[in-house]
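Down below is the structure, laid out as structure tokens.
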Amino acid sequence: MTKSVDVAVIDYGMGNLHSVSKALQHVAPNANIWIGDDPEIIKNATRVVYPGVGAIRDCIAEVRSRGLDQVIVEVAKTKPLLAICVGMQGLMQHSSENGGVDCLNVFPDKVTCFTDVLGPQHADLKVPHMGWNQVVKTSDHPLWNKIDSGARFYFVHSYFVAAASCSSVVGRANYGVDLVAMMAKDNIFAVQFHPEKSHTDGLQLLENFVNWDGAS
Amino acid sequence: MGLAKRIIPCLDVENGRVVKGVQFVDIRDAGDPVEVARRYNEEGADEITFLDITASHEGRDTTVKTVEKMASEVFIPLTVGGGIRECEDIRSMLNAGADKVGINTAAIFNPDFVKEAAERFGSQCIVVAIDAKQVAAATADKPARWEIFTHGGRKPTGIDAVEWAIKMTDYGAGEILLTSMDQDGVKKGFDLGLTRAVSDAVAVPVIASGGVGNLQHLVDGISKGHASAVLAASIFHFGEYTIGEAKAYMAAQDIEVRL
């Protein structure tokens with residue numbers, strides 16, 4: 001029988017995904033936090049985290065080569081799912097990174113690059129968008145619990161989802177353009193920033209996720 | 001309101017202890033790295049930079065353990081530099097809990113390493129550290145020049161610092177950690193000419209480092225040096241200022257910070 005874990009963190013072999021599990025363990029010391037790529041354990045977990053660092057092409061390629069793309073799509077329909085950074089972008093329909101990559105199409109939105117949209121008036125804005133930016137609440141959600149609108153979270157990314165065209169946005173940030181910082185649909189919550197690196201408010205968001213039943 | 005300028009305390013760590021030298025010599029002990037990092041985290045540091053200056057192999061194992069311990073208690077970004085020579089070194093630091101790695105000497109001997117590392121791990125975690133010294137002051141018809149030095153500032157490479165920064169970002173560096181070896185540890189402020197020359201030349205964030213002696217120096221690094229972040233060690237290690245005091249001072253000078 002496959003063991004059942006409280007939170008499965010999907011590890012598809014890219015970069016530093018251990019920070020996420022360490023932060024989850026910190027906010028939920030008694031929970032069984034598991035990190036790995038076994039599809040059965042992920043499917044049987046109470047909650048799932050889809051983290052991501054690095055470039056989208058390799059992230060999606062690794063997810064597909066391990067057969068995790070179908071698992072993520074299935075989880076996205078059934079249980080609380082938190083997608084982080086490139087994980088969030090992986091849930092979109094398409095990303096323009098790496099010459100264009102088809103993603104998992106859980107959300108209909110597209111991922112674009114800052115350098116393609118920021119005009120000369122924003123020549124002073126460095127890319128990647130790296131550091132602590134404010135997230136403004138655009139819609140209530142259980143994951144906003146005990147977090148103020150305007151709280152700062154740690155971002156590091158060069159690609160983003162535009163807030164203007166996104167119907168699922170619950171928090172936005174501005175970096176020359178309004179970008180999706182948090183989005184939600186049913187049992188799915190996705191963030192562009194790194195809650196596991198965002199100190200008190202980031203840990204609060206993870207705690208909210210661990211306590212979330214998946215209902216918005 | 002938007003992106004905040006960052007304050008990054010730097011821990012030079014040797015054999016599991018935080019140390020701080022003046023111009024890379026005359027080392028003082030500044031405590032246990034995990035304790036120090038925890039304190040800075042509580043004071044509101046935006047990131048922590050951990051520079052491993054341990055030479056021995058046994059010391060490297062200590063470093064991995066220290067990074068692991070720090071990463072399980074401190075939930076802000078952590079950059080680890082020092083002795084990063086191959087992808088395996090990057091993997092072990094990321095697995096220990098680092099978010100970014102600083103590459104310095106290895107980039108000079110093998111620039112393709114930066115390219116390989118950025119492709120494999122993503123530009124977001126590749127910080128190229130540049131140690132530069134002024135080799136020519138500005139004159140009426142020529143701007144100042146800075147060159148890259150290795151081996152704690154003893155060996156010149158003949159490489160122009162600004163050109164090198166541009167090349168490294170072309171190779172995939174997501175951030176530049178820029179240290180003035182002339183200013184390091186002497187507490188007279190950043191080399192603002194160097195900081196501005198590099199910051200204005202590259203599209204990625206630049207962290208100014210080397211020379212902070214008071215809070216106005218931090219402000220100058222941002223407003224005059226055009227840096228995205230400022231790094232300091234001794235003013236924080238020895239209790240002269242807290243991170244909170246530094247941020248309050250910067251905020252009062254209209255610099256956007258995370259309070």
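Numbers restart at 1 for each chain; the letters A, B, ... are given by sequence-line order, proteins then strands. Side chains included, hydrogens not; waters and symmetry mates left out as well; all remaining heavy atoms used.
Only the side chain of B:Ser228 comes within less than 4.5 Å of a heavy atom of chain A; its backbone N, CA, C and O stay farther away. B:Glu73 does not touch chain A: none of its heavy atoms, backbone or side chain, sits under 4.5 Å away. Interface remark: B:Arg6 contributes side-chain atoms only to the contact with chain A (heavy atom separation under 4.5 Å). Interface remark: B:Val202 contributes backbone and side-chain atoms alike to the contact with chain A (heavy atom separation under 4.5 Å). At a 4.5 Å heavy-atom cutoff, the contact between B:Ala96 and chain A is made by backbone atoms alone.
Among residues two or more places apart in sequence or in another chain, the ring-ring contact (aromatic ring centres under 6.0 Å, His included) test is passed with A:His94 by none.
Counting heavy-atom pairs closer than 4.5 Å to chain B, the top-ranked of the candidates A:Ser198, A:Ala55, A:Ala123, A:Pro128 is A:Pro128.
Rounding to the nearest 0.5 Å gives a distance of 6.5 Å between CG of A:Asn98 and OH of A:Tyr159. One finds the CG atom of A:Asn208 at 10.5 Å from the CG atom of A:Leu82 (value rounded to the nearest 0.5 Å).
In this structure, A:Phe114 and A:Tyr175 have perpendicular ring planes: the angle between them is above 60°, well past the 30° mark.
A salt bridge links B:Lys100 with B:Glu47: the distance from a Lys NZ or Arg NE/NH1/NH2 to an Asp or Glu carboxylate oxygen falls below 4.0 Å.
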